[in-house]
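Remember, predicted model here, so these are calculated numbers, not experimental data. To find a chain, count down the sequence lines: A is the first, B the second, and so on, and within it residues start at 1.
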Number of protein chains: 2
Amino acid sequence: MSTSATPRERLLDAAGELFYRDGVNIGVDALCKAAGVSKKSMYQLFRSKDELIAESLASRGPAYQTMLYPGAEDDRGPRERILTVFDRQDAMVASDNYLGCPYVSTAVELKNPEHPGSVVARHFKQQLTDFFHRELVKAGAEDPSTLAVQLTMIFDGAAARAVVRAQPLGGIGAVTAAALLDAAGIHAGELALS
Amino acid sequence: MSTSATPRERLLDAAGELFYRDGVNIGVDALCKAAGVSKKSMYQLFRSKDELIAESLASRGPAYQTMLYPGAEDDRGPRERILTVFDRQDAMVASDNYLGCPYVSTAVELKNPEHPGSVVARHFKQQLTDFFHRELVKAGAEDPSTLAVQLTMIFDGAAARAVVRAQPLGGIGAVTAAALLDAAGIHAGELALS
DNA sequence: GAATTCGGAAACCGATCGGTTTACTGTGGC
DNA sequence: GCCACAGTAAACCGATCGGTTTCCGAATTC
């Protein structure tokens with residue numbers, strides 16, 4: 001455990017990992033011990049455990065999205081860029097300590113949709129839908145809004161399937177997304193004719 | 001709270017509701033108080049809280065499936081029978097105290113896939129996939145196994161979407177399932193030619 | 001009517017919960 | 001040297017955790 005990072009960074013990192021691995025009911029004591037930070041420091045850096053939950057979720061966002069979304073340098077077509085998300089999710093799911101999408105899992109545990117952590121989760125899901133939507137518009141999809149939501153749903157469905165450890169069916173998310181894109185007439189390398 | 005049912009039934013009912021509404025971390029005291037059962041009775045009816053979790057999940061199964069699956073008296077085609085599941089899910093999701101599929105949510109909270117409750121959840125998901133599979137075979141689907149898994153995934157994706165309270169898009173599960181069935185060439189009222 | 005069983009109420013156990021407080025150690029500025 | 005600050009360790013708070021035990025009342029059985 002590196003002491004180099006600031007207490008705040010160490011706390012956010014440890015919280016991100018422990019809330020994911022053990023659930024949001026992990027104790028504050030265990031959290032602080034893992035982060036090498038005193039409870040006193042934690043409670044003057046964050047108003048409450050609930051706020052730490054939300055902030056640790058939010059702080060994971062950029063790295064998570066970078067891991068999931070294709071970068072701007074990927075100049076393949078929208079279809080390929082969309083399917084990249086599902087391929088990368090498949091890779092994460094294959095890890096045996098995968099416990100579902102951190103945002104959905106946290107929202108499930110929190111139950112209360114008004115909880116600051118739930119708000120962050122909702123925001124992240126919207127960003128995923130927005131990414132799909134942008135690509136679908138580029139591809140000239142007929143109904144990009146509906147299709148973007150459908151793709152988000154498949155993403156979360158694939159994650160749920162991994163959580164319950166249903167018999168693995170490799171790449172099922174990508175296959176399903178591809179089927180939906182096929183049905184919408186969105187083919188490889190294709191851009192909207194304009 | 002009815003005192004008519006046996007302590008075991010009252011306990012299973014209360015557990016089914018409270019574990020769903022408040023999460024599996026709800027205390028045994030609160031549980032027993034809600035059920036009108038003493039802790040002593042609880043612990044001689046169930047070995048542990050974990051066993052109660054599993055048994056209450058299992059006991060909900062039949063009613064849940066009856067609410068979700070079309071009955072044998074529904075003699076419409078496989079496509080309609082499959083879409084019925086999604087329509088009924090939509091109705092459940094519309095309730096403002098919907099907190100996701102109880103089986104997936106519990107598995108998410110338990111984290112441990114070896115937990116007896118997780119085993120029950122996995123079993124229920126397999127039963128849903130099996131239902132889809134049977135209908136798809138009746139419809140003469142080309143690849144019923146893959147398609148059944150895809151439909152299960154859409155089911156769980158729609159539930160996840162409701163949990164994070166993403167902007168509601170009514171019937172999106174049914175629409176997506178229908179799109180997948182269309183793509184597979186499974187049309188209304190159609191039975192396999194044999 | 002006596003004995004036995006069932007089950008609820010509640011005390012009890014050590015551990016942990018979220019959160020606060022005190023006391024102490026380092027490290028920087030000046 | 002000295003002061004102020006950041007931060008850790010640990011005690012402390014009342015509440016609750018999963019689980020066990022004791023006690024006692026209300027049935028059931030013969």
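- Going from atom NZ of B:Lys33 over to atom P of D:dA15 covers 14 Å, rounded to whole Å.
- For the pair B:Arg60 and B:Tyr20, the cation-pi test (distance below 6.0 Å, angle within 45°) is passed.
- Distance CG (A:Asn25) to C1' (D:dG18): 14 Å, rounded to an integer number of Å.
- In this structure, B:Ile26 places its CD1 atom 15 Å from P of D:dG19, rounding to the nearest Å.
- Between A:Glu55 and A:Arg47 there is no salt bridge, since no side-chain nitrogen of the basic residue lies less than 4.0 Å from a carboxylate oxygen of the acidic one.
- Within residues 38-49 of chain B, the residues approaching DNA chain D are B:Lys39, B:Lys40, B:Tyr43, B:Ser48, B:Lys49, by heavy-atom distance under 4.0 Å.
- No salt bridge links A:Lys125 with A:Asp130; every basic N to acidic carboxylate O contact stays at or beyond 4.0 Å.
- Rounded to an integer number of Å, the gap from B:Phe19 CZ to D:dG18 C1' is 11 Å.
- Following rounding to the nearest Å, B:Leu11 (CG) and D:dG19 (P) show an atom-to-atom distance of 13 Å.
- Using a cutoff of 4.0 Å between basic side-chain nitrogens and carboxylate oxygens, B:Glu114 and B:Arg122 are not scored as salt-bridged.
- In this structure, A:Phe132 has its ring center closer than 6.0 angstrom to the ring center of A:Phe86.
- Residue contacts shown for A:Leu31 are absent, as no nucleic acid heavy atom lies under 4.0 Å away.
- If you take CG of B:Asp29 and C1' of C:dC12, they are 12 Å apart, rounded to a whole angstrom.
- As rounded to whole Å, 12 Å separates atom P of C:dG7 from atom CZ of B:Arg8.
- Applying the salt bridge (charged side-chain N to carboxylate O under 4.0 Å, His left out) test to residues at least two apart or on different chains, none of the pairs has a partner in residues 159-177 of chain B.
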